[in-house]
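The structure under discussion appears below in the form of structure tokens.
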Amino acid sequence: MMERLVSISRPVANALCSQCVRNSPNLIFQRSVHKVAREPFLNASSSNYIDEMYEQWSKDPHSVHKSWDLYFKNQVYQRPPTLGFAPPSPALTQYYQMTGFLPSGQQKQEQSTQLQPLDETSTTQGLSLNKRAITDHMAVQALVRSYQMRGHKLAQLDPLGINTADLDSERPNDLTPKFYSFSEADLDRKFSVPPNTFIGGNEKVLTLRELITRLENVYCQTIGLEYMYINSYEKCNWIRHRFEDPSLKKLTVDEIERSVKRLIRASKFEEYLSKKWSSEKRFGLEGCEVLIPAMKIVIDVASGKGVDTIIMGMPHRGRLNVLANVTRKPLEEIFCQFDPKLEPSDVSIDNTYIIGTGDVKYHLGTCIERVNRATNTMVKLSVVANPSHLEAVDPVVQGKTRAEQFYRNDKEGDKVMSMILHGDAAFAGQGVVYETFHLSDLPAYTTHGTIHIICNNQIGFTTDPRMARSSPYCTDVARVVNAPIFHVNADDVDAVLHVAKVAAEWRCTFKKDVVIDLVCYRRHGHNEMDEPMFTQPFMYKKIKKQAHVLDKWSQKLISEGAIKKEWYEAEEAKYQKILDDAFQNSKSPAYAKDKNWLDSPWKGFFTGKGPFPYPETGIPEDTINTILTKAHELPDGFTLHKGLKRVFNNRAKLLSERTVDWALGESLGVGSVLLDGHHVRLSGQDVERGTFSHRHHVLHDQEKDLVFHVPLNYLSSTQGHYTICNSSLSEFAALGFELGYSTTNPNSLVIWEAQFGDFINNAQCIIDQFISSGQAKWVRQSGIVLLLPHGYEGQGPEHSSARLERFLQMADEDEDSVPQLQSGKHLHHNDLSMYQLDETNWIVAHLTTPANYFHILRRQLALPFRKPLIMMSPKSLLRLEEAHSSFDEMLPGTKFKRIYPEEGVAAENPENVEKIIFCSGKTYYDLVKERAQNKLESKIAIVRIEQLCPFPFDLIQDELEKYKKAKICFAQEEHKNMGPYTYCKPRLACLLRSINDQREGDIKYAGRESAASTATGIKSSHYTEQKLYMQTAMAL
Ligand SMILES: Cc1ncc(C[n+]2csc(CCOP(=O)(O)OP(=O)(O)O)c2C)c(N)n1
Ligand SMILES: [Mg+2]
């Protein structure tokens, strides 16, 4: 029954490890012995720790923890045999300090006095040792390690030979023999190859000269490796092996031929576009064409290891090339996009889903399934549509990948993988990159490793990297997650291909992120129209002289006899014909379809034929009881917190009265969707408990660490899975992730909650660029729900407003037109409210009852299309008794109410009503209270607009016509320039105009005055404002 910590890998492992460290000397010792055995000379890491402990203990047994005392007393511990000591050279001492191989300062001195000089005749590994030999062998090992750690700094990564990729041209001291006191004569001395390297191949002994040559070849040529910070001996060794062992670098004949063909395609594609549409922006790949064979070989390796779905995200640069030559999107469909006269042939006004305003061609997505030739297996390749906003798509890709993994039960990412491309400036500059990396190893977010490829053309638009970042490499952000980073000179195709292969193997082996930094150049300006010489004269003089990578590589291969000239020319000609044929075909409208650009096609979802009725979303009372009872059941032996027991008792009382509060309404909404067999995912900061401590969907055993229970996952054996997870402290990446998740399967409910509501604006880009406009731009729908706590509770400027006005302002509804169904035109709908929902870019709601909350959650899945739902959710209403709902409001036949009309005394005699107040959200309860205190129940009618967008014109018209003589007022607690007023007023006016109602020009406002800040921080001002607002609202 219980979800135990074993189900969440990393925190559990961490927790267990930290416990081990504290509690079990045996475990530590075992691990340290293992490590010391493998790294005999210099690794002082774990053995030093125990040695120090032992030293301390031998001086004072009480100075260490009791368990260590016992351990040493029992004489289980034996110090490893000392190999000897010779004072290191000054440079080596400096090296030790730098690398931290030996304990620093005080400890070092202490230790050095304890070490005994080696007996001249001692032997190790069969070699006769003396003091000098020991020091030199240690130095050789240190030298190897220096190359492994810092060799990349000398690597020749820039194809132009101008820059160093880490913006630092100094040679590190420790990469010189002199640093280790080696003279020229020492270079020909032989040394045993240290065990921390594979550089020797089969040879156990090498001259120092040969050793250095080999190290330079591996670490300082066209590949620069950063991996030594990875806290895993196994992983470091794995990388060492792949790069140091020369036998593993060879490409097969097949790989070479395939890659030549791919490079031909990549290069000739850009050439073709530049000739055909010379004045069109396309953000070509010239200077980094090798990206295409690199991506393809990643796909080959991954699909060879069982991956069959790759979700990709990428910026503008080279996007068309990737679509054409990686996903193999038909060239006709790409060329169509360049034809200014061609309109998408599948766009029709009344189609339920294909209505778009489109986007530029280098932002569009796609999804293609095809056979991968190299492995002869099917692969599905998606490129996620994205806006201009660089890197914003990263978390969306991850969310989509995670969702695909979830639905395929691919728990370890064996089948579905993500690959994200970046620009150098954006990767270093955009914070969302960092935020997304921090999702990469979280149990509820991991996609089990992403392959990142940076198209590092050493420039961002016109800005030189030396002015654009403070980190040495543009890739340094990836170090936070211990990702290995492989820098490679993009003009060395063999090196690129090797790096790409290793990266793909790494991801499939360790299921962790990896970065390929393709250091390249940009042959033209930022786009094809741009003049780069204005700002980069030196660089571009070099670029003009730079030979094309295809020419360089093909000539090399031909001269080496790896390929034949005739074969190469035939391949070029073949592709030229393919391009020409596609160009001819592209003039047919058959290829111009918006739906061809969908990154997440929902097969079978849109097949239903209208008219679609407005969905009833009530459920039987039995089901209500089952859900709410099971939602509070505990597994045997589970200790619930006392405070929660009280909460549960109160809830039980509510159930016995057939009522629900907000939290129960939510549990019912979620629980019933789960019972219908759908997956629900609710995430955000602290959502498990709920920021306002109202939800408690994850219960923690008070007696056991990390033992928790999610009752909503135990409703029935056939239910959908409920994922509820606290997110990292991120809005941008966390929301982007959920958006991606929501686009994968229309039949799941994906909810993201912004803590306190106001923090939503840290995710503004996802809202503006994806959620509000995603369907219009990319014909992609999403039913994501945003829960945004909103309301003035005297808590100050922060935590009061989720900026409802912004969501309303971004709604695409026309404030000057009352929507109407036109017979014969709107084929899918004969219900106006459904037509409006279908037309809108999103739904904005501000509710007053848990029953309506329950219904709107259910309605999300009951609609025959998907729309984002922006919900202003309450804070004080969570505990307000008046805001409870009866079971009756959720039974079969009931549905979401777009408005709550007045149902009190005023409604009985509408002709006596002097004022009709429209409002939304929690202010309703304040207004009702004030009206009662002023005994104005018969004079003032209050109408709650629950669904603000689409605006319920039809229902509001009924209210306006009912209270014909009443003055009209819109009341809100927000400031006048905020809240729903500016959205509702023109719509009310438009409606009145349309029915020739004279009150059109006289819509009164009750609420706070316009202001710059969302709410006052002074409590007394808050109350004064509120009082004034109520007085205005009640004035007749
Ligand atoms: C968030 C964001 N800010 C600004 C821009 C405008 N812009 C478009 S491309 C670009 C330079 C990007 O440089 P880089 O990431 O190195 O990619 P490159 O164009 O060099 O391939 C800029 C600043 C943008 N698209 N997105
Ligand atoms: Mg760049």
Side-chain angles (χ1 to χ4, degrees), residues 9 295 298-299 301-303 305-314 322 326-327 365-369 378-386 391-422 432-433 435-453 478 481 483 503-504 506-508 510-515 598-602 679 681 683 721 723 725 727-728 730 732-746 748 750 752 766 770 774 778 780 782 784:
S9 55
M295 290 177 77
V298 163
I299 295 169
V301 172
S303 80
K305 293 191 177 291
V307 171
D308 60 22
T309 302
I310 299 182
I311 321 256
M312 291 175 269
M314 69 172 301
V322 167
V326 176
T327 69
T366 205
C367 179
I368 305 247
E369 286 189 72
M378 283 301 287
V379 282
K380 185 167 100 177
L381 302 170
S382 288
V383 177
V384 176
N386 59 269
E391 307 291 347
V393 79
D394 301 1
V396 183
V397 169
Q398 300 297 34
K400 186 169 156 48
T401 306
R402 172 74 184 205
E404 295 252 1
Q405 289 174 347
F406 173 83
Y407 295 115
R408 296 202 39 203
N409 201 21
D410 180 19
K411 294 205 166 91
E412 297 300 325
D414 293 321
K415 300 272 169 220
V416 184
M417 178 183 106
S418 52
M419 171 151 62
I420 308 186
L421 274 53
H422 313 263
V432 69
V433 174
E435 289 189 33
T436 309
F437 268 119
H438 271 286
L439 299 180
S440 67
D441 212 15
L442 303 181
Y445 293 84
T446 180
T447 54
H448 308 284
T450 300
I451 297 180
H452 299 269
I453 306 182
V481 293
W506 163 275
R507 189 278 168 189
C508 294
F510 297 109
K511 307 291 173 61
K512 299 272 178 205
D513 285 33
V514 54
V515 177
L598 263 170
D599 55 25
S600 313
W602 292 341
H679 168 44
R681 181 176 161 104
S683 75
H721 182 75
T723 302
C725 51
S727 73
S728 68
S730 148
F732 193 163
L735 177 57
F737 187 98
E738 299 312 327
L739 176 73
Y741 202 101
S742 74
T743 58
T744 303
N745 180 348
S748 57
V750 180
W752 178 78
I766 297 293
F770 291 85
W778 311 315
R780 183 180 66 195
S782 159
I784 192 169

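Just so it is clear, the values below take in all heavy atoms, side chains as well, and ignore hydrogens, waters and symmetry mates.
For Lys415, the side chain to side chain contact (heavy atoms under 4.5 Å, CB included) criterion is met by Asp308, Arg408, Asp410, not counting sequence neighbours. In this structure, the ring-ring contact (aromatic ring centres under 6.0 Å, His included) partners of His438, at least two apart in sequence or on a different chain, are Tyr434. With sequence neighbours left out, the side chain to side chain contact (heavy atoms under 4.5 Å, CB included) criterion links Ala503 to Phe486, Val514, Ile516. Every residue two or more places apart in sequence or in another chain that forms a side chain to side chain contact (heavy atoms under 4.5 Å, CB included) with Ser382 is listed here: Ile311, Cys367, Lys400. Partners of Ser727 under the side-chain hydrogen bond (donor to acceptor under 3.5 Å, both in side chains) rule, at least two apart in sequence or in another chain, do not exist in this structure. Legend: residues meeting ring-ring contact (aromatic ring centres under 6.0 Å, His included) with Trp778, ordered by chain and number and at least two apart, are Phe770. By the salt bridge (Lys or Arg N to Asp or Glu O under 4.0 Å) test, Arg780 is found to be paired with Asp599, residues two or more places apart in sequence or in another chain being considered. Listed by chain and number, the residues in a side-chain hydrogen bond (donor to acceptor under 3.5 Å, both in side chains) with Ser418 are Gln398, Thr450 (sequence neighbours excluded). Judged as a salt bridge (Lys or Arg N to Asp or Glu O under 4.0 Å), and not counting sequence neighbours, the contacts of Lys511 are Asp414. Considering only residues two or more places apart in sequence or on other chains, Glu435 meets the side chain to side chain contact (heavy atoms under 4.5 Å, CB included) condition with Ser730, Phe732, Ala733. Arg681 meets the side-chain hydrogen bond (donor to acceptor under 3.5 Å, both in side chains) test with Glu738; sequence neighbours excluded. Scored by the side-chain hydrogen bond (donor to acceptor under 3.5 Å, both in side chains) test, His448 finds no partners at all (sequence neighbours excluded).
Rounding to the nearest 0.5 Å places OG1 of Thr446 at 7.0 Å from CZ of Arg402.
Remark: the backbone N or O of Gly740 is paired with a side-chain donor or acceptor of Thr744 at under 3.5 angstrom. Side chain of His721 to backbone of His679: no donor-acceptor contact under 3.5 angstrom is found.
Considering every non-hydrogen atom in both Ile766 and Ala392, the closest pair reads CD1-O, 3.8 Å.
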Assess whether side-chain contact (heavy atoms from CB on, under 4.5 Å) is satisfied between Ile299 and Met419, documenting all intermediate values. CA-CA 10 Å; Ile299 295 169; Met419 171 151 62; 4.0 Å; yes
